[in-house]
2 protein chains.
Amino acid sequence: MITRGEMWQAEILRVLNRSHAPVTAYEVLETLRETHGKVAPTTIYRAPSSLADCGRVHRVESLNAFTAYQCDRHQHTSILSICEECGSVEESVAPELLDEISGLVGRSGFSPMRHVIEVHGMCGSCSMRKLQA
Amino acid sequence: MITRGEMWQAEILRVLNRSHAPVTAYEVLETLRETHGKVAPTTIYRAPSSLADCGRVHRVESLNAFTAYQCDRHQHTSILSICEECGSVEESVAPELLDEISGLVGRSGFSPMRHVIEVHGMCGSCSMRKLQA
DNA sequence: TAACACGTGTTACTATATAACATTTATCGA
DNA sequence: TCGATAAATGTTATATAGTAACACGTGTTA
Ligand SMILES: [Zn+2]
Ligand SMILES: [Zn+2]
Ligand SMILES: [Zn+2]
Ligand SMILES: [Zn+2]
């Protein structure tokens with residue numbers, strides 16, 4: 001049985017997957033309105049957070065936007081590299097780096113629960129393009 | 001000579017320094033309105049970004065808020081650990097970790113310009129308090 | 001079926017951030 | 001010193017982001 005909520009999750013995943021760059025909640029909203037008429041922000045915000053919870057969507061904190069996971073459903077924290085030229089985002093996975101960070105902040109007794117690691121810069125292909133120009 | 005802009009920067013720094021936790025732009029705004037009457041959001045947003053530029057204030061991306069640097073004026077990127085219990089933020093500095101992250105995302109040709117590293121969790125004193133309770 | 005719990009829809013609102021333009025202040029050559 | 005010009009700051013309005021509160025419907029249980 002497919003609930004209405006799961007229907008929205010699927011729709012939203014489809015929108016996110018069509019874009020190589022992160023998409024804000026309101027951009028998703030606009031897209032869905034084209035095909036579904038009136039849709040409320042709440043609908044959009046509820047679904048990504050449940051999608052994030054089940055490891056299919058990232059919230060990109062430094063952009064206030066969402067992006068679909070690049071690899072299949074998983075639970076690990078990703079390091080996101082965000083190209084400020086073309087908007088594309090890549091995921092990197094490095095548990096040992098997360099551990100190092102946890103160790104560092106843990107020296108003062110801090111217990112990490114969630115890591116936000118987002119690197120802004122320029123992606124390889126944009127750098128190439130800039131060089132040629 | 002002290003410009004109006006520098007005056008605002010100083011005021012805002014004072015507000016940020018009085019709080020151990022990050023402060024949103026609109027919280028700063030409210031505080032300043034108590035003493036200065038009408039103040040526009042623009043005023044608040046301009047000053048922190050120039051303060052951030054000169055290495056005195058962090059923008060905490062995952063909170064949409066600002067916090068004063070804990071050590072004296074500096075330019076290095078900090079790792080922020082944010083207690084979700086009491087709101088306090090600590091800075092850690094670890095250039096070698098940043099280098100590792102840069103190396104990792106650089107494998108695909110990505111050139112990092114700005115690192116956002118924010119760890120959410122629970123600080124030492126809050127953990128203590130929880131244990132005792 | 002009545003009662004309830006829960007998921008979803010709807011409305012209205014709060015919070016966050018910036019664009020565009022007006023005004024003031026600094027700079028500098030005439 | 002005096003405009004002319006450029007830069008910084010003030011002001012207004014608006015765009016974008018996010019949530020609270022409650023209404024409604026649907027499925028479950030007794
Ligand atoms: Zn993955
Ligand atoms: Zn790019
Ligand atoms: Zn420092
Ligand atoms: Zn704490």
Side-chain angles (χ1 to χ4, degrees), chain A residues 1-13 15-16 19 21-54 56-67 82 84 87 89 114 116 118 120, chain B residues 1-13 15-16 19 21-54 56-67 82 84 87 89 114 116 118 120:
Chain A
M1 137 137 243
I2 295 178
T3 65
R4 284 166 294 172
E6 287 162 348
M7 186 268 272
W8 286 123
Q9 291 192 359
E11 295 276 357
I12 289 165
L13 261 183
V15 174
L16 295 184
S19 169
V23 183
T24 68
Y26 278 73
E27 286 166 354
V28 174
L29 201 54
E30 283 224 350
T31 307
L32 291 191
R33 274 172 177 165
E34 289 166 11
T35 50
H36 291 75
K38 187 166 143 194
V39 183
T42 316
T43 309
I44 304 297
Y45 279 100
R46 280 176 183 156
S49 46
S50 57
L51 287 170
D53 288 345
C54 66
R56 292 158 71 70
V57 162
H58 295 281
R59 184 182 156 79
V60 185
E61 297 289 351
S62 54
L63 297 177
N64 295 335
F66 299 94
T67 191
I82 301 156
E84 296 193 334
V89 173
R114 180 168 72 101
V116 175
E118 299 173 3
H120 288 248
Chain B
M1 135 135 252
I2 295 176
T3 66
R4 285 167 296 172
E6 289 162 349
M7 186 268 271
W8 286 124
Q9 291 192 359
E11 295 276 356
I12 289 165
L13 261 183
V15 174
L16 295 183
S19 170
V23 183
T24 69
Y26 278 74
E27 286 166 352
V28 174
L29 201 54
E30 282 224 350
T31 307
L32 292 191
R33 276 174 176 163
E34 290 167 9
T35 51
H36 291 76
K38 185 167 144 194
V39 182
T42 316
T43 309
I44 304 298
Y45 279 99
R46 279 176 184 156
S49 47
S50 57
L51 287 169
D53 287 346
C54 66
R56 293 159 71 70
V57 161
H58 295 281
R59 183 181 157 82
V60 185
E61 296 290 351
S62 54
L63 297 177
N64 294 336
F66 299 93
T67 189
I82 301 156
E84 296 193 334
V89 172
R114 180 169 72 100
V116 175
E118 299 173 3
H120 289 248

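Not measured: the values here are computed from a predicted model.
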(message) Considering every strand and a 4.0 Å limit on heavy-atom distances, what is the contact class for B:Thr42: base, sugar-phosphate, or nothing?
(response) base
(request) Evaluate side-chain contact (heavy atoms from CB on, under 4.5 Å) for B:Glu61 paired with A:Glu118, printing each intermediate quantity in order. (result) CA-CA 10 Å; B:Glu61 296 290 351; A:Glu118 299 173 3; 5.6 Å; no
(request) Please state how far atom CD1 in B:Ile44 lies from atom C1' in C:dT18, giving the value in whole angstrom units. (result) 14 Å
(request) Quickly work out the B:Met7 CE to D:dA8 P distance and round it to whole Å. (result) 17 Å
(message) In whole Å, I'd like the distance from the OH atom of A:Tyr45 to the P atom of C:dT11.
(response) 19 Å
(message) Which nucleotide wins on minimum distance to the side chain of B:Thr43, given the candidates C:dA17, C:dT10, D:dT11?
(response) D:dT11
(request) Kindly indicate whether the side chain of A:Val60, heavy atoms from C-beta on, has any atom under 4.5 Å from the side chain of A:Ser62. (result) yes
(request) Let me know, please, whether B:Gly5 or A:Ala25 comes out on the 5' side of the other along DNA chain D by nearest nucleotide. (result) B:Gly5
(message) Could you tell me if the side chain of A:Asn64 sits less than 4.5 Å from the side chain of A:Arg59, heavy atoms only?
(response) yes
(request) Indicate yes or no: at least one non-hydrogen side-chain atom of A:Thr42 is less than 4.5 angstrom from one of A:Tyr45. (result) no
(request) Go through the steps to decide whether A:Phe66 and A:Leu16 satisfy the test side-chain contact (heavy atoms from CB on, under 4.5 Å), and finish with yes or no. (result) CA-CA 7 Å; A:Phe66 299 94; A:Leu16 295 184; 4.2 Å; yes
(message) For a quick check, tell me whether the side chain of A:Arg46 and the base of C:dG9 share a donor-acceptor pair closer than 3.5 Å.
(response) yes
(message) Can you work out whether B:Thr3 or B:Asn64 has the more 5'-proximal nearest nucleotide on DNA chain C?
(response) B:Asn64
(message) Looking at A:Tyr26, I'd like to know whether one of its side-chain N or O atoms comes within less than 4.0 Å of OP1 or OP2 on D:dA17.
(response) no
(request) Determine yes or no for a side-chain-to-main-chain donor-acceptor pair under 3.5 angstrom, with A:Thr31 supplying the side chain and A:Glu27 the backbone. (result) yes
(request) Rounded off to whole Å, could you give me the CG-to-P distance for the A:Leu29 and D:dG18 pair? (result) 12 Å
(message) Using OP1 and OP2 only, check whether a side-chain N or O of A:Trp8 sits under 4.0 Å from C:dG7.
(response) no
(message) In whole Å, I'd like the distance from the CG atom of B:Leu63 to the C1' atom of C:dA15.
(response) 14 Å
(message) Here's a test of your reading of the structure: between B:Thr24 and A:Ala40, which maps to the more 5' nucleotide of DNA chain C?
(response) A:Ala40
(message) In whole Å, I'd like the distance from the CD atom of B:Glu6 to the C1' atom of D:dA7.
(response) 14 Å
(message) If you compare every side-chain N and O of A:Arg59 against the phosphate oxygens of D:dA17 (OP1, OP2), does one of them come in below 4.0 Å?
(response) no
(message) For DNA chain C, which residues of residues 30-38 of chain B approach it to below 4.0 angstrom with any heavy atom?
(response) none
(message) Between B:Val28 and B:Leu32, is there a side-chain heavy-atom distance shorter than 4.5 Å?
(response) yes
